[in-house]
*Asks:* 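Here's a structure for you.
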Amino acid sequence: MEDRAVLGEGPRRRDFAPHLQLDEPCCFACGSFAERWKRDTPQASWQRASLERSHVVPQSLGGPDDASNLLLLCRACHRESPDWKDPEQMVRWIATRDERPSQELETFMAWLAAAERAPDFGKALASVASEEGAAERVSEMLRDLIGQAGTHFGVGYSQGTRVAVLQVAADEISKRARRADREAEEA
């Protein structure tokens, strides 16, 4: 590998960090970023970013521990990146990575996918959608239920956990609706 730093302005930066914009932190391989990293200055944003240092050529294979051999990757890319002596393999791997949206958008899309697997939630939500204050009540309920859920280390909420949260929310919304109907009949 050339002596130029990977982060420098040399022609190889485009190979090793195609998404890199110095004013906004992102994974050098897939471009993933998190809105919560955004701060008043680019330096503060980069300091806030939870990107992991990755060696282009691992130290165990003779790679140096300096800027010319380092990339910042999101956790998913770091886990999947090649541990190989030839830096060209990292270039090839990066070139084939799909771009990823922001982490917040990925999380939102994961919750939408969970909602598809929990059809009762959609039905329950539709049943209360026209009620005054329903959005706030359902949001509060979801926050409470998420607070009761566990996470997998390094993964966060699994898709199964998201589905469970939405199923329990659907059950709770249905119970409240039945209770309200009974109270209305008794009145």
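Heavy-atom basis, side chains included; hydrogens, waters and symmetry copies ignored.
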*Asks:* As an exercise, state the distance from OG of Ser45 to CZ of Arg39, rounded to the nearest 0.5 Å.
*Replies:*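 Ser45 OG to Arg39 CZ: 7.0 Å, rounded to 0.5 Å.
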
*Asks:* For Met109, which fellow cluster members are found when Ile, Leu, Val, Met, Phe, Trp and Tyr are connected by side-chain heavy-atom distances below 4.5 angstrom, either directly or through intermediates?
*Replies:*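 For the cluster that includes Met109, the remaining residues are Leu105, Phe108, Leu112.
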
*Asks:* With heavy-atom distances below 4.5 Å as the criterion, would you say the side chains of Trp93 and Glu80 are in contact?
*Replies:*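 A side-chain contact exists here, since the closest heavy-atom pair is under 4.5 Å.
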
*Asks:* Tell me, with the steps shown, if Asp65 and Arg53 meet side-chain contact (heavy atoms from CB on, under 4.5 Å).
*Replies:* CA-CA 10 Å; Asp65 193 25; Arg53 257 180 20 153; 3.4 Å; yes

*Asks:* For the atom pair CG (Leu73) and CZ (Arg79), what is the distance rounded to the nearest 0.5 Å?
*Replies:*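 The CG atom of Leu73 sits 11.5 Å away from the CZ atom of Arg79.
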
*Asks:* Roughly how far, to the nearest 0.5 Å, is the OG atom of Ser54 from the CZ atom of Arg75?
*Replies:*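 Arg75 atom CZ to Ser54 atom OG measures 13.5 Å (nearest 0.5 Å).
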
*Asks:* To the nearest 0.5 angstrom, please state how far the CD atom of Glu35 sits from the CD atom of Glu104.
*Replies:*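 Glu35 atom CD to Glu104 atom CD measures 4.0 Å (nearest 0.5 Å).
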
*Asks:* Is it the case that the side chain of Arg137 and the backbone of Glu132 share a donor-acceptor pair, with hydrogens and angles ignored and the cut-off at 3.5 Å?
*Replies:*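 Between the backbone of Glu132 and the side chain of Arg137 there is a qualifying donor-acceptor contact (under 3.5 Å).
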
*Asks:* With sequence neighbours excluded, tell me which residues meet side chain to side chain donor-acceptor pair (under 3.5 Å) with Gln89.
*Replies:*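 With sequence neighbours excluded, Gln89 shows a side chain to side chain donor-acceptor pair (under 3.5 Å) to no residue whatsoever.
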
*Asks:* Under a 4.5 Å cut-off applied to non-hydrogen side-chain atoms, are Trp37 and Ser50 in contact?
*Replies:*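 With C-beta onward as the side chain, the pair touches.
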
*Asks:* Side chains of Ile146 and Thr161: does their closest heavy-atom pair fall under 4.5 Å?
*Replies:*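 Ile146 does not reach Thr161 side chain to side chain.
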
*Asks:* Any side-chain hydrogen bond (donor to acceptor under 3.5 Å, both in side chains) pairs touching residues 105-122, not counting sequence neighbours?
*Replies:*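 For residues 105-122: Arg100-Glu106.
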
*Asks:* Within the side chain of Ser127, is there an N or O that forms a donor-acceptor pair under 3.5 Å with the backbone of Ala124?
*Replies:*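 Checking the backbone N and O of Ala124 against the side chain of Ser127, a donor-acceptor pair under 3.5 Å is found.
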
*Asks:* Using a strict 4.0 Å threshold on nitrogen-to-oxygen distance, state whether Asp86 and Arg92 make a salt bridge.
*Replies:*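 Answer for the salt bridge query: no.
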
*Asks:* According to a hydrophobic-cluster definition based on side-chain heavy atoms being under 4.5 Å apart (Ile, Leu, Val, Met, Phe, Trp, Tyr only), do Phe28 and Trp84 belong together?
*Replies:*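 No, no single cluster joins them.
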
*Asks:* Considering non-hydrogen atoms only, spot the tightest contact between Arg162 and Ala114 and give its length.
*Replies:*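 Arg162 and Ala114 have their closest heavy atoms at CB-CB, 3.6 Å.
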
*Asks:* Can you sort out the partners of Arg178 under side-chain contact (heavy atoms from CB on, under 4.5 Å), two or more places apart, ordered by chain and number?
*Replies:*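 Partners of Arg178 under the side-chain contact (heavy atoms from CB on, under 4.5 Å) test: Ser174, Lys175, Arg182.
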
*Asks:* Taking all heavy atoms of Gln167 and all of Phe121, pick out the closest pair and write down the distance.
*Replies:*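 The answer is OE1-N, 4.4 Å.
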
*Asks:* List the residues meeting side-chain contact (heavy atoms from CB on, under 4.5 Å) with Val168, not counting sequence neighbours, and say none if there are none.
*Replies:*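 Partners of Val168 under the side-chain contact (heavy atoms from CB on, under 4.5 Å) test: Leu145.
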
*Asks:* With sequence neighbours excluded, tell me which residues meet side-chain contact (heavy atoms from CB on, under 4.5 Å) with Thr41.
*Replies:*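 In terms of side-chain contact (heavy atoms from CB on, under 4.5 Å), with neighbours along the sequence ignored, Thr41 is linked to Gln43, Ala44.
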
*Asks:* Calculate, to the nearest 0.5 Å, the distance between atoms OG and CD belonging to Ser81 and Glu52 respectively.
*Replies:*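 One gets 9.5 Å once the value is rounded to the nearest 0.5 Å.
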
*Asks:* Determine yes or no for a side-chain-to-main-chain donor-acceptor pair under 3.5 angstrom, with Gln103 supplying the side chain and Ser32 the backbone.
*Replies:*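 A pair under 3.5 Å: no.
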
*Asks:* Do you know which two heavy atoms are closest between Leu51 and Cys74, and how far apart they sit?
*Replies:*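 That would be CD2-N, 3.8 Å.
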
*Asks:* My understanding is that only one of His55, Met90, Gln59 makes a side chain to side chain contact (heavy atoms under 4.5 Å, CB included) with Asn69; could you say which?
*Replies:*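 The single option meeting the side chain to side chain contact (heavy atoms under 4.5 Å, CB included) with Asn69 is His55.
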
*Asks:* Same cluster or not: are Met141 and Val163 linked, directly or through other Ile, Leu, Val, Met, Phe, Trp or Tyr residues, by side-chain heavy atoms under 4.5 angstrom apart?
*Replies:*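 Cluster IDs for Met141 and Val163 differ.
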
*Asks:* For Asp66, is the CG atom crowded, meaning more than 12 foreign heavy atoms sit under 6.0 Å from it?
*Replies:*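 Enclosed.
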
*Asks:* Which atom names give the shortest non-hydrogen contact between Ala149 and Tyr157, and what distance separates them?
*Replies:*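 Heavy-atom minimum between the residues: CB-CE2, 3.9 Å.
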
*Asks:* Does a sphere of radius 6.0 Å around CD in Gln159 hold more than 12 heavy atoms from other residues, nucleotides or ligands, not counting ones at 6.0 Å or beyond?
*Replies:*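 For Gln159, atom CD is crowded (more than 12 foreign heavy atoms under 6.0 Å).
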
*Asks:* Give a yes or no on whether a salt bridge exists between Glu183 and Arg179, defined as a side-chain N under 4.0 angstrom from a carboxylate O.
*Replies:*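 No, this pair does not count.
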
